[in-house]
Amino acid sequence: MSVPHGTKRAFGKNQKPANFIDAEDRPGLAARQCATRLLGAVIEKHTSLDGLTDNTGGHPQYMALDDRDRSLVRAILGAALRNRGTIEAAIGQLIDRPLPENAVALRHLLHIAAAQILYLDVPDRAAVDLAVTAANNDPRNRRFASMVNAVLRRLSREKENLVSEASNVPAWFEESLIAAYGKEKTRAILAIQSKEPPIDLTVKGDAQEWALKLGGIALPTGSVRLGSVDGALTALPGFAEGDWWVQDTAASLPAKLFGDIRDKRVADLCAAPGGKTAQLALAGANVTALDLSANRLKRLRSNLERLELSAETVEANLSAYQPAELFDAILLDAPCSSTGTVRRHPDVPWTKTLGDIQKLAHLQAKLLDHAVTIVRPGGIVVFSNCSLDPLEGEKVANDLLAKNPAVELVPVTKDEVGDLAELITPEGFVRSTPADLRHENPALSGMDGFFAARFKRKY
Ligand SMILES: C[S@@+](CC[C@H](N)C(=O)[O-])C[C@H]1O[C@@H](n2cnc3c(N)ncnc32)[C@H](O)[C@@H]1O
């Protein structure tokens with residue numbers, strides 16, 4: 001199939017061609033146009049998908065959609081980003097010369113349609129027709145409309161026979177995983193990252209009982225895991241009553257590393273949206289939850305309200321924060337590249353760079369240096385984040401130990417992480433990856449990538 005070259009506008013800004021179709025006149029068109037636009041924002045502008053699809057402050061095209069179309073857009077984008085390399089290779093097999101480098105709008109449109117044809121339960125015919133209509137509506141893509149039609153029809157006919165070994169993540173990301181974990185584990189991490197993850201809940205009561213009630217399984221770490229949920233999570237038993245909250249089981253580990261914290265003064269620094277604050281409050285601590293972001297603290301307060309748990313909240317930059325009295329214990333769940341959460345956030349490899357990782361590692365070291373000064377001598381500091389990169393985990397922890405004689409490591413033992421020995425490094429750090437916590441049912445396998453280290457301030 002040949003592709004016309006060049007980027008000339010097919011029609012002026014305010015001139016609509018005869019076959020232009022308004023989104024309100026064609027069901028499903030607005031969702032596809034929105035998905036194409038958001039894919040462009042992720043890939044070209046490195047904008048986070050969470051922000052674009054936020055239900056209160058998302059992209060205007062997303063905000064204009066109803067709930068059904070919003071979830072369709074999220075599903076299409078999830079499939080398009082999780083399988084980006086495979087989709088690119090499939091399109092490549094169906095055209096006789098590469099897409100012009102500057103035809104970015106065309107590439108996004110084809111990817112959005114291909115994601116539906118290859119991965120979603122959407123009739124192929126609808127995906128093709130809506131892509132052709134969207135192409136006709138877009139001055140940059142209009143003259144490619146017949147090529148879009150031909151390529152996507154062929155994709156639909158030949159999808160069973162297309163084979164691809166293509167990587168679904170950018171080279172920098174795969175290379176950094178190989179450097180940290182070796183080729184075999186990287187392959188396992190990437191394979192599991194291309195699947196939708198299960199949903200983990202932290203429950204206030206007995207995990208076995210909740211697993212039974214909700215049709216899930218109880219994990220050795222104490223969380224409840226649901227393979228899938230029909231309909232809204234908020235409609236499940238126990239949500240309205242505040243009996244549980246959504247939290248990947250890996251994310252639940254750092255707050256469990258303090259031992260008995262009943263009535264102790266514990267600071268959760270970088271606390272919002274509050275999953276770990278809730279754990280600390282549930283364990284009986286007097287929690288101070290600090291965060292830089294007023295908006296995120298608002299979410300933390302409303303989460304705690306639903307859970308009927310309480311914490312004092314402080315809106316501040318941790319670097320400049322001085323409490324009136326030193327804390328008994330501190331959790332620093334520092335801002336990070338989130339590369340351990342790619343299963344849930346498939347945009348991360350496309351929106352983050354190695355440069356971001358270096359900058360974040362620098363910020364984490366600065367925040368950790370400060371955090372150990374606001375805990376009392378004898379007090380515990382747990383440092384954690386959801387990055388897979390050792391620069392943001394092991395290196396930050398080792399650097400602190402090398403430069404600060406007032407701090408010693410308190411190694412974590414496997415009984416503190418549900419007896420999952422594979423999560424404990426030789427030094428006594430916690431290190432999880434999506435390839436850990438395997439289950440015979442792949443839909444119940446995996447966990448987020450997380451790092452945690454526990455320190456004691458000696459004097
Ligand atoms: C990884 S999130 C924390 C997640 C949270 N601990 C939880 O379990 O729900 C990192 C948080 O750090 C906050 N943050 C980033 N830089 C900060 C700073 N300098 N001081 C305080 N908070 C900061 C961000 O606003 C964000 O809410």
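Indexing begins at 1, ligand by ligand and atom by atom, following the structure's order.
Of all atoms in ligand 1, numbered sequentially from 1 with element shown, those under 4.0 Å from a heavy atom of A316 are 20 (N), 21 (C). Listed by atom number, the atoms of ligand 1 under 4.0 Å from N317 heavy atoms are 18 (C), 19 (N), 20 (N). Shown in contact with L290 at under 4.0 Å from a heavy atom are these atoms of ligand 1, numbered in order with element: 21 (C).
Where the criterion is an N or O separation shorter than 3.5 Å, residue side chain and backbone included, A272 meets it with respect to ligand 1. The shortest N or O to N or O distance between S319 and ligand 1 is not under 3.5 Å.
Among protein heavy atoms, atom 11 (C) of ligand 1 sits closest to D291 OD2, 3.5 Å.
Annotation: side chain to side chain contact (heavy atoms under 4.5 Å, CB included) contacts of R107 (sequence neighbours excluded): R84, E88, L99, H111. Residues passing the ring-ring contact (aromatic ring centres under 6.0 Å, His included) test with F327: none are found, sequence neighbours excluded.
By the 4.0 Å N-to-carboxylate-O rule, R68 lies too far from D66 to be salt-bridged with it. Using a 4.0 Å cut-off between charged nitrogen and carboxylate oxygen, K185 and D436 count as a salt-bridge pair. R265 has no carboxylate O lying under 4.0 Å from a charged side-chain N of D328, or vice versa, which leaves the two without a salt bridge.
Proximity of A271 to ligand 1, defined as any heavy-atom pair under 4.0 Å, is confined to the backbone N, CA, C and O atoms. The part of R296 lying near ligand 1 is the side chain, judged by heavy-atom distances below 4.0 Å. If you look at C386 next to ligand 1, there are no close heavy atoms at all, none under 4.0 Å.
Counting heavy atoms only, L292 comes closest to atom 21 (C) of ligand 1 of the residues N303, L292, L331, L300.
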